Amino acid sequence: MRGSIIWYTQRYSALLLLCYVIYISNFIFFKDNITYFTWSNFFLSFQARLFTSLIFLTLVLHAFIGLWTVGTDYLIDRTLGFLSFALSRHANLIRNIYFFIFTLFGIVYLTFILYIIWT
Amino acid sequence: MFENKLEVSLYRYNPEEDKFPYMKKYSIDKPSKDIMVLDLLNLLKEDDQSISYRRSCREGVCGSDGMNINGKNGLACITPLSSVLKKNKIELRPLPGLPVIRDLVVDMSEFYAQYEKIKPFLQNETTAPEQERLQSPEDRDKLDGLYECILCACCSTSCPSFWWNPDKFVGPAALLQAYRFLADSRDLKTSQRLEDLSDPFSVYRCHGIMNCVNVCPKGLNPNKAIGEIKSMLHKNKKDIIASDIN
């Protein structure tokens with residue numbers, strides 16, 4: 001994986017997330033009377049569903065890069081060694097468990113979101 | 001009563017005698033004139049010969065006496081005592097992030113390994129001219145602010161990304177030198193140099209917190225050089241290869 005791909009993914013995903021915030025804010029602040037029906041109608045449109053699905057995929061991707069960076073900075077033998085020598089010896093295992101947990105969480109989160117949006 | 005005394009807190013560690021490092025306090029008479037931190041260390045060493053630190057040129061050229069002075073990295077030989085004293089107290093520690101050999105002396109192998117990785121020499125396989133490879137004054141100007149680095153490691157050891165990944169992240173000092181050769185019109189290995197830096201760690205672990213700029217005793221700007229390298233990496237690869245050929 002090239003560093004520039006990760007760099008661009010993180011920045012463009014942040015821009016997309018900003019667009020979504022503007023999109024939702026526009027609905028919230030410029031719609032006169034927001035009720036359950038206007039809100040659900042808004043999310044029934046294909047456009048809103050597609051955009052929301054894309055955004056949550058982007059959000060998971062953005063979070064993945066951030067958490068991967070944190071893991072490769074702070075869950076390594078050098079940094080865990082500050083806490084305990086025993087922990088530093090198992091740094092790779094600890095980091096892989098951490099990666100597994102947040103990857104699994106991201107997949108489950110995205111599956112639930114897509115299920116809620118499209119059913 | 002204490003105004004004429006200086007309290008020096010010094011990091012001490014001798015692996016042959018000490019199980020753990022510790023801070024030792026020294027109290028000495030305040031010098032009548034402003035001296036450099038290195039002079040202060042020399043005064044301390046007169047009383048305690050066991051204190052270890054590196055120094056050579058004592059004028060900010062060799063980069064040997066980089067250390068952490070009251071929480072900020074700097075060269076002891078060009079740091080006036082008056083500029084760092086806080087309530088007549090000063091704390092001296094080794095450069096952070098590198099293994100300590102003894103007292104203020106650190107093992108700089110990881111730092112030099114990164115410097116070696118960027119191939120800090122001109123690469124040009126064309127036939128050398130009779131006298132020298134010429135540069136236009138404009139091309140020469142591009143090297144200003146880059147070639148002056150003395151490799152004191154103050155910048156790299158103030159960078160958290162270098163603390164955590166000194167084996168993968170090249171670090172500000174070596175990246176400044178990497179850009180020094182990328183910017184050199186006489187070097188023809190631009191695309192190869194960029195390829196070597198294109199992984200997620202070598203350059204991209206720099207998050208631009210600018211600690212390196214804050215501490216550089218020569219007033220250089222590694223962060224700007226890193227930004228330039230990133231711009232080059234984002235450029236169309238074909239453009240870079242074309243510039244190599246030209």
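In what follows, every chain begins at residue 1, and chains take the letters A, B, ... in the order their sequences are listed. Just so it is clear, the model here is predicted, and its values are computed rather than measured.
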Report task. May I ask you to say whether B:Arg186 pairs ionically with B:Asp139, meaning some side-chain N is under 4.0 Å from a carboxylate O? Result -> no
Requested in this report: Let me know if B:Pro160 has heavy atoms under 4.5 Å from chain A in its side chain, its backbone, both or neither.
Outcome: neither
Query raised in the report: Should we count OH of B:Tyr22 as having more than 12 external heavy atoms under 6.0 Å?
Result: yes
N/O donor to acceptor pairs below 3.5 angstrom from side-chain atoms of residues 79-90 of chain A, sequence neighbours left out:
residue, atom, partner, partner atom, Å
A:Thr79, OG1, A:Asp73, O, 3.4
A:Thr79, OG1, A:Tyr74, O, 2.9
A:Thr79, OG1, A:Ile76, N, 3.3
A:Thr79, OG1, A:Ile76, O, 3.2
A:Ser84, OG, A:Ala86, N, 3.2
A:Ser84, OG, A:Leu87, N, 3.0
A:Ser88, OG, A:Phe85, O, 2.7

Query - Proximal component of B:Phe169, with respect to chain A [non-hydrogen, under 4.5 Å] - result: neither
Query - B:Lys218 atom NZ, over 12 foreign heavy atoms within 6.0 Å - result: yes
Query raised in the report: Hey, are A:Arg2 and B:Glu195 close enough for a salt bridge, meaning a charged N less than 4.0 Å from a carboxylate O?
Result: yes
Query raised in the report: So which of B:Lys230, B:Arg205, B:His207 has the largest heavy-atom pair count under 4.5 angstrom toward chain A?
Result: B:Arg205
Query - Basic-acidic side-chain contact under 4.0 Å: B:Lys189, B:Glu125 - result: yes
**Report entry** Exam field: side chain B:Asp187 to backbone B:Gln123, donor-acceptor pair closer than 3.5 Å
**Finding:** yes
**Report entry** Residues of residues 39-57 of chain A contacting chain B, heavy-atom criterion under 4.5 Å, by residue number
**Finding:** none
**Report entry** A:Arg95 atom CZ, over 12 foreign heavy atoms within 6.0 Å
**Finding:** yes
**Report entry** Toward chain B: residues of residues 4-25 of chain A with heavy atoms under 4.5 Å
**Finding:** A:Ser4, A:Ile6, A:Trp7, A:Tyr8
Query - Heavy-atom neighbours of A:Phe29 CZ exceed 12 at 6.0 Å - result: no
Query raised in the report: Is B:Arg54 salt-bridged to B:Asp65, going by a charged N under 4.0 Å from an acidic O?
Result: no
Report task. Can you run down the salt bridge (Lys or Arg N to Asp or Glu O under 4.0 Å) pairs that involve residues 160-182 of chain B, sequence neighbours left out, and say none if there aren't any? Result -> B:Arg180-B:Asp184
